[in-house]
Amino acid sequence: MPDVDSATPPVAPEVEAREMMDQARTLIRSGLLLEVIPLCDTVYRRHATSRVPALQLQVARALGHRGAVLSEQGRAVDALIHFDEVERRFWSPRKPALWEGVAWAMLYRACLLQEQDSPQQALQCVGELLRRFGSSEHPPGGLRNAVGAARVLLPNVYNQLEEFEEALRLSEALLEACDGDPEPLKVDMASGALLQRAHALQGLGHSEEALECFDEVDVRYCEDPDPRMRALVSAALMGRVLVLLREGMLYEALSAMSAILEHAGPHPHPRQQPMVDFAQFHREALEGQLEEERKKTERMKKRWRK
């Protein structure tokens, strides 16, 4: 009787490499970065010199995903080297089979530039990505996801540039196109657009509308277990805190800080940690300030009674 394992046909290299890079992308989305680089290194080591387009695509993805992890680890120079290599080796308008890998590398580069407080360069990068790949109504596969993420990043960059009217226009256009559609990509785009709309309204001084929009993010997505959505809700709660502090609504801001900590729970995901750190530090300071004001009021009341 033949051995079951020996009768199993081997997995084609293209399929195996694609599955490994799909797994790497999922890990990046979840913030589980330590497992990504070994996957990328394996694909690169096995197929770096391949002339097969399907394998070249996975090599491009491996370089881009590896660069994204290095970026998250604060190794910006090394990350940019990876993104440059993807562009140099794989970009050609005549090779659409490789566009997905190039698009993700460009998106990662734009995110890194934004995090480095270089929004004008980030705007140029995401603009070039959309010029290259965004004209098609339905780009294939992973390219469509990269283009969708770029369209959400665009109002984010405009908010960073303090061009709030353009950020508001773009985020509202995205909401009109995507809101209510249950497809995962459209849900991602709508949720990101809703958060950027709130930030744009905040920047324009429309505090009440901004608070309503931040609240809507919380109400819609607070039960979603996806780490990205949990981070999105934490960011919305943080936006609410900043609006309330600016408006001098200190007790409400204190409550919103507590909401950040409650939503994150005892073991915050790494993507939530910056908001948690902010809430913990400023809640203690604000509690002390409010307690001092309460005592001062009590002393004034006692003097008045006398």
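As a basis for the values below, the full set of heavy atoms in this structure was taken, side chains included, without hydrogen atoms, waters or symmetry mates. Residue indices begin at 1 and follow the sequence shown.
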Trp104 six-ring centre to Arg109 NZ/CZ under 6.0 Å and within 45° of normal: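 Judged by the rule, Arg109 and Trp104 form no cation-pi pair.
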
Taking side chain as C-beta onward, heavy atoms only, is [X] less than 4.5 Å from [Y]?
X	Y	answer
Leu153	Gln114	yes
Phe278	Met238	yes
His282	Asp277	no
Leu63	Arg89	yes
Val43	Glu16	no
Val126	Met106	no
Gln116	Gln121	no
Pro13	Arg46	no

Would you say the rings of His82 and Tyr108 are close, in the sense that their centroids are separated by under 6.0 Å?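 No, they do not, as the ring centres are separated by 6.0 Å or more.
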
Nearest heavy atoms of [X] and [Y], plus distance in Å:
X	Y	value
His269	Pro227	NE2-CB, 3.6 Å
Ala259	Leu237	O-CD1, 3.7 Å
His65	Cys40	CB-SG, 3.7 Å
Ala190	Leu175	O-CD2, 3.4 Å

Would the number of heavy atoms belonging to other residues, nucleotides or ligands and lying under 6.0 Å from CD of Glu247 be above 12?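 Atom CD in Glu247 is crowded, with more than 12 foreign heavy atoms closer than 6.0 Å.
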
Side chain to side chain contact (heavy atoms under 4.5 Å, CB included) partners for Glu262, two or more places apart: none

With under 30° as parallel and over 60° as perpendicular, where do the rings of Phe133 and Trp91 fit, or are they tilted in between? perpendicular

Quick check: does any side chain N or O of Ser30 sit under 3.5 Å from a backbone N or O of Leu32, one acting as donor and the other as acceptor? no

For Gln160 and Asn156, which I'm curious about, is there any donor-acceptor pair between the side chains at under 3.5 Å? no

